[in-house]
Amino acid sequence: MLNKYKKFKELKKQAKTMETELATVISEGSAAWNKVKVTINGNRDLIDVKIDESMMSPDNKDALQSAIKDAFKDATGTKFQMKLAKKMQEMGGLDALKNLGG
């Protein structure tokens with residue numbers, strides 16, 4: 001029982017380390033001709049949103065909503081996935097966790 005607790009504690013520690021490391025991976029996405037930009041980290045936390053004044057009019061509500069979604073999609077696209085994969089590989093990938101099983 002104590003051995004399982006130690007493994008659990010080690011897994012928790014490694015998960016926290018991964019979370020901290022992934023937070024260093026930053027990605028920016030944009031839409032609407034760069035009038036809307038979002039910045040996220042590797043944990044998919046939204047870090048920043050920038051919206052050009054021209055998008056703020058009431059007539060642009062639907063366009064702004066769509067642009068925010070598109071910018072987020074751009075930020076989390078293939079380049080972002082590759083950055084995350086590279087970071088995970090640098091950290092030893094999931095192989096680092098395989099010995100923690102029962």
Quiz prompt | Counterpart residues, side chain to side chain donor-acceptor pair (under 3.5 Å), relative to S30 (two or more places apart) | solution = N34

Without placing hydrogens or testing angles, list every side-chain donor-acceptor pair under 3.5 Å for residues 36-43, not counting sequence neighbours.
residue	atom	partner	partner atom	Å
N41	OD1	N43	N	2.8
N41	OD1	R44	N	3.3
N41	OD1	D45	N	3.1
N41	ND2	D45	OD2	3.4
N43	ND2	E19	O	2.9

Quiz item: NZ/K16 to OG1/T20 distance, rounded to the nearest 0.5 angstrom?
Solution: 5.0 Å

Quiz item: Closest approach of F80 and A75, non-hydrogen atoms and distance?
Solution: CB-O, 3.1 Å

Quiz item: Is the closest side-chain heavy-atom distance between V25 and K86 below 4.5 Å?
Solution: no

Quiz item: Mind checking what makes side chain to side chain donor-acceptor pair (under 3.5 Å) contact with T24, not counting sequence neighbours?
Solution: none

List, one per line, each side-chain donor-acceptor pair under 3.5 Å for residues 53-68, sequence neighbours excluded.
residue	atom	partner	partner atom	Å
S54	OG	D52	OD1	2.6
N60	ND2	S54	O	2.8

Quiz prompt | Contacts of type salt bridge (charged side-chain N to carboxylate O under 4.0 Å, His left out), residue E28, not counting sequence neighbours | solution = none

Exercise. Return each pair, listed once, that meets side-chain hydrogen bond (donor to acceptor under 3.5 Å, both in side chains) where at least one residue sits in residues 71-83; pairs must be two or more places apart or across chains.
Key: none

Quiz item: To the nearest 0.5 Å, what is the distance between NZ (K87) and CE (M18)?
Solution: 11.5 Å

Practice problem: Quick one: pull up NZ in K9 and CD in Q14 and give me the separation to the nearest 0.5 Å. | Solution: 14.0 Å

Exercise. Verify the cluster assignment for L84 and L46: are they in a single hydrophobic cluster under the rule of side-chain heavy atoms below 4.5 Å apart?
Key: yes

